[in-house]
S.K.: 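Just passing along the structure, written as structure tokens.
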Amino acid sequence: MAWEFVLTTLYFAFASLVGTLCIKLGYDKGSAANKLHILLVNTAVICCYLMWAIVWMAQWNPLIVPILKAEGE
Amino acid sequence: MAYVRKSCETCSTYCLSSGTIAAGQDHGQGGGGPFCSIPSRCGKEEGRYYVLGLLGKAGSHRQAHRRPRSADHRRTHTDPSLTALQRAPEGQPATRLGIGDKMVQMELFRSEEMNLVQLIIPSESAHDTVSYLAELGLLQFKDLNPDKSPFQRTYANQVKRCAEMARKLRYFRDQMGKASLTPAARPALDGGWSAQNGDVDLDDLEVKLSELESELTEILANTDKLNRAHAELTELNLVLQKAGAFFSSARDNATEAQRRELEGLSGSSEDMDRPLLLEQEMQIEPSKQVRLGYVSGVVPKAKALAFERILFRATRGNMFLKQAPIEQPVTDPATGEKVEKVVFVVFFAGERARLKVTKICEAFGANKYPFPEDATRQRQVKIQVASRLNELHQTLEAGNLHRDNVLTNIGYKLEEWTLLVRREKAVYHTLNMLSIDVTRKCLVAEGWCPVAAKSRIQDALQRAAFDSNSQVGTIFQVLHTKELPPTYYRTNKFTGAFQEIVDAYGVGRYREANPGVFSIITFPFLFAVMFGDWGHGIILLLASLYLVLNEKKYMSQKLGDIMDMAFGGRYVILLMSIFSIYTGFIYNEFFSVPFKIFGNSAYTCRDHPDIPWDQCESATTVGLIKLGDQPYPFGLDPAWHGSRSELPFTNSLKMKMSILLGVTQMNVGIILSYFNAKFFSKPLNVWYEFVPQILFLGSLFGYLSILIIVKWCTGSQADLYHVMIYMFLSPTDDLGDNELFWGQKQLQIVFLVIAFVAVPWMLLPKPLILKKQHEQRLAGRTYGILGGSDTESVNGDDEHEEFEFGEVFVHQMIHTIEFVLGAVSNTASYLRLWALSLAHAELSAVFYERVLLLAFEYDNIIIRLIGLIVFTIATLGVLLVMETLSAFLHALRLHWVEFMNKFYMGDGYKFHPFAFATLGEDDD
């Protein structure tokens with residue numbers, strides 16, 4: 001199974017968690033501002049994760065394979 | 001204090017008699033000032049009555065109250081009853097709009113809550129109050145006299161005075177520019193308004209400015225006169241020199257000729273050598289020669305030829321013009337400009353000719369100067385002119401020194417004065433927007449302010465009242481209105497740039513969900529999807545970091561248009577570059593070169609895994625083969641780069657990625673419309689817009705997204721186009737090879753039915769229910785409560801809105817059609833992500849392979865250098881400037897159209913508080 005996919009997904013989840021905690025603990029600017037910052041961090045992580053996951057899945061079971069160019073082509 | 005109690009009673013009795021609940025306990029604060037408090041529940045009219053009544057009495061009590069008021073001033077700041085009073089009206093709009101205060105609202109997600117407030121300002125403290133508020137910059141004044149022309153307004157005179165002072169200051173600045181002096185740097189504003197106002201009074205300043213202006217104009221007029229005299233004398237001097245030369249040479253010639261004539265006459269025989277009759281006639285008799293007139297002067301070189309011609313014509317040739325160009329351009333006495341000129345002497349005969357010549361001289365702007373014939377007088381004049389010139393020169397120098405002194409002295413204060421005058425003018429301009437009471441004892445202001453800033457505004461009002469020694473404080477009360485408040489986001493330098501992107505499309509409606517919150521991340525992200533190259537990303541990052549780190553330096557400077565734009569968007573560019581570095585790693589491109597950062601390629605030679613690719617024969621025919629189950633762990637496999645199947649693979653990948661990202665973003669937009677409907681408590685929008693919309697999009701493009709993912713995960717060869725097309729054309733047919741999972745056919749039929757049901761669901765119920773509700777309301781109105789909210793509504797808001805079924809229905813129809821068609825076209829529109837990222841990748845590959853690599857094939861340093869330069873210029877110019885711009889624009893469009901049209905109204909108006917900080921240069 002795709003253990004690598006799950007692992008990296010966990011990494012991203014971990015990144016989101018770390019970001020959220022950092023804001024809660026290290027960059028506390030009041031409840032309203034924290035909400036915004038947490039949303040921003042998580043949106044960023046989700047965007048990055050989406051892109052990674054899409055590219056990973058697209059290469060998982062490829063229908064075509066790389067065909068190298070011959071010399072002088 | 002007896003008076004205080006009495007006044008409070010007056011109020012409460014009045015309020016009570018008017019039928020509103022005015023509780024006596026609200027007046028507890030009255031101890032602080034004579035009447036600092038007026039219960040906000042008293043409507044506008046009551047408030048005014050109250051103040052008027054008090055103001056009438058205040059005059060007689062002025063002396064008695066001065067001391068206690070000042071003494072109590074500090075106490076009022078911390079008076080607990082005051083804070084209690086402030087809190088009371090704040091809760092009201094929140095509950096009215098249905099926001100629970102149990103949850104803290106996310107910053108920036110909705111615009112600030114605003115209140116329409118009314119200030120009743122005693123006229124003696126009006127100016128100070130408005131300037132204190134401008135310093136605070138949190139109140140947007142409403143124009144209460146829109147029907148009055150600027151000249152009819154109360155403070156028109158003061159505005160005019162300020163404008164006049166501003167004109168004088170501009171005049172000083174111009175004169176300083178002419179004298180090439182620069183005004184001293186703007187003083188630091190840390191002193192604040194009061195400090196500034198303290199040392200310069202406007203009236204004093206006005207007197208001072210007019211004194212300075214008259215002094216300066218006098219100096220300048222004198223200098224001007226002197227300059228003219230100087231220029232005239234210089235020209236005279238030149239005429240004396242040049243014309244003197246003509247005359248002396250002419251005299252020499254004449255004496256020569258005369259001598260020769262005399263010699264000839266005596267020497268030759270009388271008959272033979274006597275001049276012919278004609279010649280005799282032509283000879284001018286000595287008596288006439290004396291009466292030959294002449295005019296000398298100076299004429300501009302450009303006009304000299306025409307001047308001569310006209311003279312010739314006018315005198316029918318009976319003149320003689322002698323010219324001598326002046327080597328250096330001389331100052332024209334009339335204009336003060338440097339002009340190339342010619343000295344001329346015109347000889348003519350007769351008085352009439354003199355008149356003509358004089359007139360022509362005038363017409364040509366030729367300056368005439370008298371030229372004495374007599375040689376001794378000439379010398380005298382010359383000496384006189386020289387001495388006068390010298391004298392004038394000294395006087396002029398002294399005058400200029402004096403002028404410079406005056407201007408330098410002005411220059412020390414110029415910026416400060418300009419600022420003061422600009423502020424004063426703005427204050428009077430604002431005061432003109434207030435409505436003045438008939439008794440002229442107080443001014444009434446209305447305006448919008450953020451609810452959160454109310455305590456600060458009240459604080460400023462109290463300080464203003466105290467500092468202006470006003471007997472009575474300003475009354476601050478909240479009005480309730482149906483009018484839509486302005487939209488105000490509390491942004492900082494980081495979020496501000498993103499908010500501007502949203503505002504450029506349309507300022508949000510009051511308190512609607514702000515797409516700017518999401519755009520902060522999704523905008524740079526979508527940009528980066530089109531701009532994925534971590535080499536280019538790093539360059540962009542360095543550029544934006546440079547701007548961000550030097551922002552203090554650039555903030556104070558005036559930048560060019562393009563630079564200003566880049567500087568304003570520095571944080572946008574920063575995020576864009578960070579995301580493009582990330583997507584660059586995903587696309588595995590560094591100036592279009594792949595790197596094996598995340599391990600070796602997942603592909604190996606088909607024949608044997610250990611054979612290197614360049615020795616693998618099958619690699620160029622059937623291709624490499626993937627080893628194991630896992631693909632390349634992060635991003636695109638480096639094996640794809642430069643392979644024959646690179647384009648088919650990346651195109652398919654990027655196209656599908658665009659669809660997936662687009663469907664996700666559009667769904668987020670629709671979900672935001674749910675939040676809006678919930679916030680404004682419009683259940684109709686939830687059930688008859690949000691639900692069918694999300695079902696429609698989900699059953700078509702959500703399904704497509706699922707198919708894409710399933711196809712990737714299973715490695716199926718199904719043709720998704722075919723599946724989607726035949727889902728509509730013949731949904732009951734067997735899918736055959738294109739079946740991706742069990743039960744797909746049934747699922748498709750369900751989705752199709754949902755999609756078809758969703759369209760009338762969006763279209764019909766909402767207008768019909770609205771109509772029914774309206775009819776119910778109309779029916780209810782007949783027996784309705786009379787005047788339930790008479791104290792609530794101010795400004796004559798129209799309570800009964802018109803309901804036009806046709807209009808509502810057409811609006812809903814447009815909305816539905818837009819959504820249904822938009823679902824298809826917007827999804828297709830996201831394909832621009834693919835197109836632009838393809839273009840970017842191909843362009844950078846071309847520059848790298850066709851320029852850099854080609855040049856480095858030669859073993860010649862010059863060719864390599866040229867190749868490198870061309871590559872650098874192409875990368876910077878085409879990829880980093882043009883491509884950045886185009887990717888920026890496409891990301892902008894995807895946000896403005898595809899994302900924001902799902903939920904964003906964008907028909908609000910911006911909050912423009914009156915603030916000194918935002919007074920621009922051009923407000924003079």
Side-chain angles (χ1 to χ4, degrees), chain A residues 1-16 18-20 22-24 26-73, chain B residues 104-109 495 517-518 520-522 525-526 529 575 579 582-583 586-587 601-603 606 613-614 616 619-626 629-637 639-646 648-649 652-653 656-657 660-661 664 709 711-717:
Chain A
M1 215 0 235
W3 59 269
E4 210 178 40
F5 185 83
V6 178
L7 193 70
T8 316
T9 306
L10 286 179
Y11 286 153
F12 274 101
F14 183 68
S16 149
V18 167
T20 309
C22 278
I23 285 164
K24 283 255 183 196
Y27 193 69
D28 198 345
K29 298 264 168 131
S31 166
N34 280 356
K35 272 191 180 172
L36 173 69
H37 297 152
I38 289 169
L39 177 91
L40 293 185
V41 164
N42 285 303
T43 319
V45 171
I46 288 170
C47 285
C48 290
Y49 172 71
L50 263 181
M51 185 135 177
W52 169 82
I54 287 165
V55 172
W56 193 94
M57 281 189 292
Q59 296 183 96
W60 193 16
N61 296 305
L63 298 177
I64 47 172
V65 291
I67 304 166
L68 300 190
K69 282 180 185 163
E71 286 293 315
E73 203 180 327
Chain B
V104 183
Q105 194 71 54
M106 187 197 299
E107 193 177 279
L108 212 65
F109 186 58
T495 51
V517 171
F518 294 91
I520 293 174
I521 297 298
T522 55
F525 175 71
L526 286 190
V529 171
L575 279 195
F579 275 107
Y582 177 82
T583 53
I586 292 272
Y587 290 148
S601 166
Y603 291 92
R606 212 171 271 266
W613 292 352
D614 49 345
C616 180
T620 53
T621 50
V622 279
L624 301 163
I625 192 160
K626 197 167 139 236
D629 178 49
Q630 308 294 335
Y632 197 64
F634 191 91
L636 215 59
D637 199 305
W640 290 108
H641 188 86
S643 71
R644 275 193 278 169
S645 46
E646 180 191 8
F649 176 73
S652 142
L653 161 66
K656 285 169 183 163
M657 179 164 71
L660 291 177
L661 294 178
T664 314
I709 292 170
K711 183 179 161 173
W712 276 341
C713 291
T714 56
S716 153
Q717 302 236 349

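So you know, we letter chains A, B, ... as the sequences are listed, proteins then strands, and number each from 1.
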S.K.: Say you draw a straight line from CE of B:Met106 to NE2 of A:His37; how long is it, rounded to the nearest 0.5 Å?
M.R.: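 Spacing of CE (B:Met106) from NE2 (A:His37) equals 11.0 Å.
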
S.K.: Please classify the contact of B:Thr621 with chain A as side chain, backbone, both or neither, using a heavy-atom distance under 4.5 Å.
M.R.: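 Answer is backbone: N, CA, C or O of B:Thr621 sit under 4.5 Å from chain A.
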
S.K.: Side chain, backbone, both or neither: which part of B:Lys656 has a heavy atom under 4.5 Å from chain A?
M.R.: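 For B:Lys656, neither part sits under 4.5 Å from chain A.
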
S.K.: Between B:Phe649 and A:Ala58, what is the shortest heavy-atom contact and its length?
M.R.: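 Closest approach of B:Phe649 to A:Ala58, heavy atoms only: CE1-O, 3.9 Å.
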
S.K.: Within a strict 4.5 Å, meaning less than it, do heavy atoms of the A:Val65 and B:Ile625 side chains meet?
M.R.: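 A side-chain contact under 4.5 Å is absent here.
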
S.K.: Quick one: are B:Asp637 and A:Pro66 in side-chain contact, heavy atoms under 4.5 Å?
M.R.: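 No. Closest side-chain heavy atoms not under 4.5 Å.
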
S.K.: Pick whichever of B:Ala639, B:Gly635, B:Cys713 has the most heavy-atom pairs under 4.5 Å with chain A.
M.R.: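 Maximum pair count with chain A is reached by B:Cys713.
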
S.K.: Distance from B:Asp629 atom CG to A:Asn61 atom CG, nearest 0.5 Å?
M.R.: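 Atom-to-atom, B:Asp629:CG and A:Asn61:CG are 7.0 Å apart.
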
S.K.: If I measure from the heavy atoms of chain B, does A:Leu39 come under 4.5 Å with its side chain, its backbone, both, or neither?
M.R.: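 Side chain of A:Leu39 only, per the 4.5 Å heavy-atom cut-off to chain B.
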
S.K.: What part of B:Phe525 gets closer than 4.5 Å to chain A, counting heavy atoms only: side chain, backbone, both or neither?
M.R.: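 Side chain only.
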
S.K.: Side chain, backbone, both or neither: which part of B:Leu108 has a heavy atom under 4.5 Å from chain A?
M.R.: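 Side chain of B:Leu108 only, per the 4.5 Å heavy-atom cut-off to chain A.
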
S.K.: Testing the basics here: between A:Ala2 and B:Gln630, what is the closest heavy-atom pair and its distance to 0.1 Å?
M.R.: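 Closest heavy-atom pair between A:Ala2 and B:Gln630: CA-NE2, 4.0 Å.
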
S.K.: What part of A:Leu63 lies closer than 4.5 angstrom to a heavy atom of chain B: side chain, backbone, both or neither?
M.R.: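 For A:Leu63, the side chain is the part near chain B, not the backbone.
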
S.K.: Using non-hydrogen atoms and a 4.5 Å limit, figure out which bit of B:Leu624 sits close to chain A: side chain, backbone, both or neither.
M.R.: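 Contact with chain A involves both backbone and side-chain atoms of B:Leu624.
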
S.K.: Let me have the donor-acceptor pairs involving side chains of residues 45-56 of chain A, under 3.5 Å, with sequence neighbours excluded, atom names and distances please.
M.R.:
from, atom 1, to, atom 2, distance (Å)
A:Tyr49, OH, A:Thr9, OG1, 3.1
A:Trp52, NE1, B:Pro633, O, 2.9

S.K.: Can you tell me how far OH of B:Tyr603 sits from CD1 of A:Ile67, rounded to the nearest 0.5 angstrom?
M.R.: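 One finds 11.0 Å between CD1 of A:Ile67 and OH of B:Tyr603.
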
S.K.: Taking side chain as everything from C-beta outward and backbone as N, CA, C, O, which of these in B:Thr664 sits under 4.5 Å from a heavy atom of chain A? Side chain, backbone, both or neither.
M.R.: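 Side chain of B:Thr664 only, per the 4.5 Å heavy-atom cut-off to chain A.
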
S.K.: Report yes if some heavy atom in the side chain of B:Trp640 is under 4.5 Å from a heavy atom in the side chain of A:Gln59; otherwise report no.
M.R.: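 Yes - at least one pair of side-chain heavy atoms lies under 4.5 Å apart.
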
S.K.: Does B:Thr714 have any side chain to side chain donor-acceptor pair (under 3.5 Å) partners at least two apart in sequence or in another chain, and if so, which?
M.R.: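 For B:Thr714 there are no side chain to side chain donor-acceptor pair (under 3.5 Å) partners, ignoring immediate neighbours.
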
